[in-house]
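Worksheet: one structure, shown below.
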Amino acid sequence: MSSQTENPACTTTASQDANPSPHNFAVSTIVSLFSSSGQSGDWLKLFIVGGILELLRRCLMYIWKTLVNQFWITLALEEYNDSYSWMMVWLSQQPNWTQAKELSINSRSFGVGCRGLLVEGEAEDNSQQRIKFMPCIDCSASLWYRGHYIRISRSQVPDGPFYTKDVLTIKILARDHKIINQLLLDAKNVWKGVKEELVSIYSSNTKNEWRLITSRPKRPLSSIVLDVGIKEKILNDAKEFLNSKRWYTERGIPFRRGYLLYGAPGSGKTSIIHSLAGELGLDIYIISLSRTGLDDNALQELIADLPEKCIALMEDIDAAFHHSINRTSEKPEKKLITGDKEPGPTSNDTPKISLSGLLNALDGVGAQEGRLLFATTNRYETLDAALRRPGRMDLHVEFKLASKHQAGELFRRFYAPDDTAADLEDSDDGESDKDSGYCTPPKEKLVDVELPEEEKLLTPDRKESDLVQLVLGSEKFKELIPDREFSMAALQGYLMMHKGRPYDAIECAEAWVKEEGAKKGKVVEDTV
Ligand SMILES: Nc1ncnc2c1ncn2[C@@H]1O[C@H](COP(=O)(O)OP(=O)(O)OP(=O)(O)O)[C@@H](O)[C@H]1O
């Protein structure tokens with residue numbers, strides 16, 4: 001009986017041996033390796049000793065690192081963070097950095113138009129994008145800073161599923177954290193110094209984070225030609241607002257100010273905002289209401305994330321909505337509101353922003369204090385009254401087609417941009433303009449010089465830089481351009497055709513006006 005019961009087991013074992021599974025085979029191979037050689041003890045010892053040595057090595061490394069870290073302060077700066085840009089610009093200006101052995105080349109501006117190290121032999125010019133050196137990925141360089149030894153390394157870490165971002169790691173041989181503050185402060189000051197003549201422009205990405213997209217040279221306010229009084233009105237209002245935080249706090253009024261610039265396309269709405277940003281030393285944060293993925297919550301978050309003093313810019317506030325913006329209209333209006341612009345997104349990609357979402361974002365509890373909001377539109381009348389009301393849009397300024405005064409001034413500034421004779425202060429002479437309702441009539445003569453009759457003739461052989469001639473030329477140009485018929489952008493476009501040739505610009509103005517008039521008439525006929 002017993003032999004019978006043993007037999008099946010023997011059979012099973014035999015069949016297993018005949019077809020060993022891969023797992024069993026591996027195990028049996030290792031076991032046989034130890035046993036077959038007859039040195040299983042030695043193998044085991046080797047294995048254990050190796051393991052202990054590795055463990056010891058790791059422990060020692062850990063102790064060493066902990067000890068060393070006692071003497072180092074480590075700072076990690078991530079790309080897209082302002083401090084990363086400060087540090088990169090600071091680094092690019094360190095003289096001993098040039099001696100580093102491992103460098104990579106970069107043409108990014110870090111928000112300051114690249115005034116970093118020039119590539120040897122490159123002529124110093126004012127170009128925005130200049131190539132400069134930076135620490136290369138996964139290698140490090142060292143330098144001395146205020147008597148402290150610094151090691152700098154750059155690495156890349158994943159930023160979402162598809163992208164990577166740089167991390168700049170700075171190790172300072174020091175125990176006092178003050179040195180880090182000092183370094184950041186120095187780097188920020190270098191960056192600010194370089195950026196003094198620039199306005200930084202930020203935009204939000206699909207992750208709803210503010211990112212620096214570019215920095216532009218400041219545009220002098222004098223280069224914007226408006227009817228007298230408008231620039232001063234906006235500038236003074238903004239300055240007064242920025243200086244009256246206490247006044248607002250004491251009265252419990254939210255410390256925010258909204259400006260609605262509306263009117264003809266190409267009349268200078270965007271230009272003046274950029275100019276004001278430079279004048280007030282503020283950065284511009286563009287809020288694009290038609291951005292993919294922007295919904296009410298994201299908009300609220302974005303506005304709450306604005307820095308305390310900045311210009312938030314919503315361009316073409318009407319265009320974000322396919323239909324006119326009002327709380328009563330449920331469906332998009334089929335008929336487009338007249339305007340030179342294309343409508344906003346089509347019904348397929350209608351943004352997820354509702355008017356109430358926009359209103360809440362502008363003055364809800366989460367709305368940032370201290371910011372200046374500038375909104376522009378070509379279709380003022382289509383905006384909901386709730387959006388236009390004081391508290392949201394405190395100052396409404398209309399931008400009209402060019403007056404004769406503007407045409408003359410544009411001419412003068414176009415051909416003599418450095419002439420500052422007619423800056424803000426002297427442009428305000430107090431009287432109001434009949435046409436616009438907010439400006440003073442243009443001066444008869446900008447320079448009070450009595451010239452002999454023959455000298456007044458504008459001839460090609462006369463010097464173009466001659467201010468008197470330009471004044472006379474601008475007067476002539478003013479006469480030739482009809483009042484409130486062309487946008488400033490159109491006039492600028494015309495003058496661009498006669499760059500450096502003011503005489504031609506005057507000579508051809510009449511024909512151009514006729515031609516443009518005919519084109520307009522044709523467009524009107526075609527649309528009727
Ligand atoms: N008042 C102005 N003074 C000087 N230049 C002007 C003026 N208006 C427009 N321009 C010039 O015309 C161009 C377009 O101006 P800008 O973008 O500021 O107009 P806009 O009113 O914002 O137009 P849109 O409503 O189409 O956005 C710019 O290059 C600018 O230099």
Side-chain angles (χ1 to χ4, degrees), residues 199 201 214 216-235 259-279 284 286-290 311-320 336-344 373-383 396-420 422-424 427-428 433 435-436 438-440 442 474 477-478 481 483-499 505 516:
V199 173
I201 298 169
T214 186
R216 298 236 182 95
K218 289 181 179 175
R219 179 172 178 164
L221 208 52
S222 56
S223 73
I224 317 283
V225 184
L226 295 175
D227 284 317
V228 180
I230 300 185
K231 279 190 287 192
E232 297 81 343
K233 188 173 165 180
I234 308 174
L235 180 66
Y259 298 83
L260 181 59
L261 311 188
Y262 66 97
S267 55
K269 298 183 289 298
T270 310
S271 307
I272 199 171
I273 296 167
H274 282 257
S275 211
L276 281 169
E279 192 76 26
I284 297 179
I286 298 174
I287 302 170
S288 171
L289 294 178
S290 49
I311 286 184
L313 172 60
M314 286 186 190
E315 282 213 83
D316 300 320
I317 196 164
D318 55 302
L336 288 173
I337 300 104
T338 50
D340 297 1
K341 288 242 166 98
E342 285 293 306
L373 171 75
F374 279 86
T376 68
T377 180
N378 300 133
R379 306 174 204 167
Y380 181 76
E381 66 290 350
T382 63
L383 298 185
H396 300 198
V397 184
E398 184 177 6
F399 284 65
K400 296 183 176 183
L401 292 174
S403 63
K404 277 182 172 287
H405 161 66
Q406 282 178 282
E409 276 292 282
L410 183 71
F411 181 93
R412 203 169 61 79
R413 293 195 183 275
F414 189 86
Y415 293 109
D418 295 334
D419 164 37
T420 50
D423 259 337
L424 279 179
S427 60
D428 192 356
D433 179 23
D435 298 329
S436 60
Y438 44 50
C439 65
T440 52
S474 72
F477 188 68
K478 198 162 101 179
I481 301 296
D483 203 36
R484 308 283 181 207
E485 257 189 47
F486 295 100
S487 70
M488 287 295 274
L491 292 181
Q492 182 181 276
Y494 169 72
L495 294 179
M496 292 287 279
M497 294 192 289
H498 303 283
K499 227 191 290 172
E516 290 300 304

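Scope of the values below: all heavy atoms of this structure, side chains included, with no hydrogens, waters or symmetry mates. Counting convention: from 1, in listed order, for ligands and their atoms alike. Source: prediction; values computed, not measured.
Between V225 and ligand 1, a contact under 3.5 Å exists for at least one N or O pair. For ligand 1, the polar-atom distance check finds an N/O of G268 within less than 3.5 Å of one of the ligand's N/O atoms. Here's the thing with K269: one of its N/O atoms is less than 3.5 angstrom from an N/O atom of ligand 1. No N or O atom of E315 sits closer than 3.5 Å to an N or O atom of ligand 1. Close N/O approach between L410 and ligand 1 is not found [any backbone or side-chain N/O within under 3.5 Å].
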Applying side chain to side chain contact (heavy atoms under 4.5 Å, CB included) to D316 and T377, what does each step give before you reach the verdict? CA-CA 5 Å; D316 300 320; T377 180; 6.0 Å; no
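Using cut-offs of 30° and 60° on the angle between ring planes, the pair Y259 and F374 is parallel.
Residues R219 and S223 come closest through the heavy atom pair NE-OG, 2.7 Å. Contact detail for R216 and H274: the closest heavy-atom pair is NH1-CE1, 3.5 Å. Nearest heavy atoms, I224 versus S271: CD1-CB, 3.5 Å. Summarising the geometry of Q406 relative to L401, their closest heavy-atom pair is OE1-O, 3.9 Å, with the distance given to 0.1 Å.
Residue K400 places no heavy atom under 4.0 Å from ligand 1. A heavy-atom separation below 4.0 Å is found between S223 and ligand 1.
At a cut-off of 3.5 Å, with distance as the only test, no side-chain donor of T382 or D318 sits close to an acceptor on the other residue.
When each atom of ligand 1 is checked for a heavy atom of L226 under 4.0 Å away, the hits are 1 (N). For ligand 1, the atoms sitting less than 4.0 Å from at least one non-hydrogen atom of N378 are 25 (O), numbered in the order shown with element in parentheses. Short contacts between ligand 1 and R219, defined as distances under 4.0 Å to a heavy atom of the residue, involve ligand atoms 4 (C), 5 (N), 30 (C), 31 (O).
Atom 28 (C) of ligand 1 has its nearest heavy-atom neighbour, among S271, S222, A490, in S271. Taking only non-hydrogen atoms, the option from H274, E409, M496, M488 nearest to atom 10 (N) of ligand 1 is M488.
Taking F477 as the reference, A407, F411, I481, Y494, L495, A509 meet the side chain to side chain contact (heavy atoms under 4.5 Å, CB included) condition, with sequence neighbours excluded.
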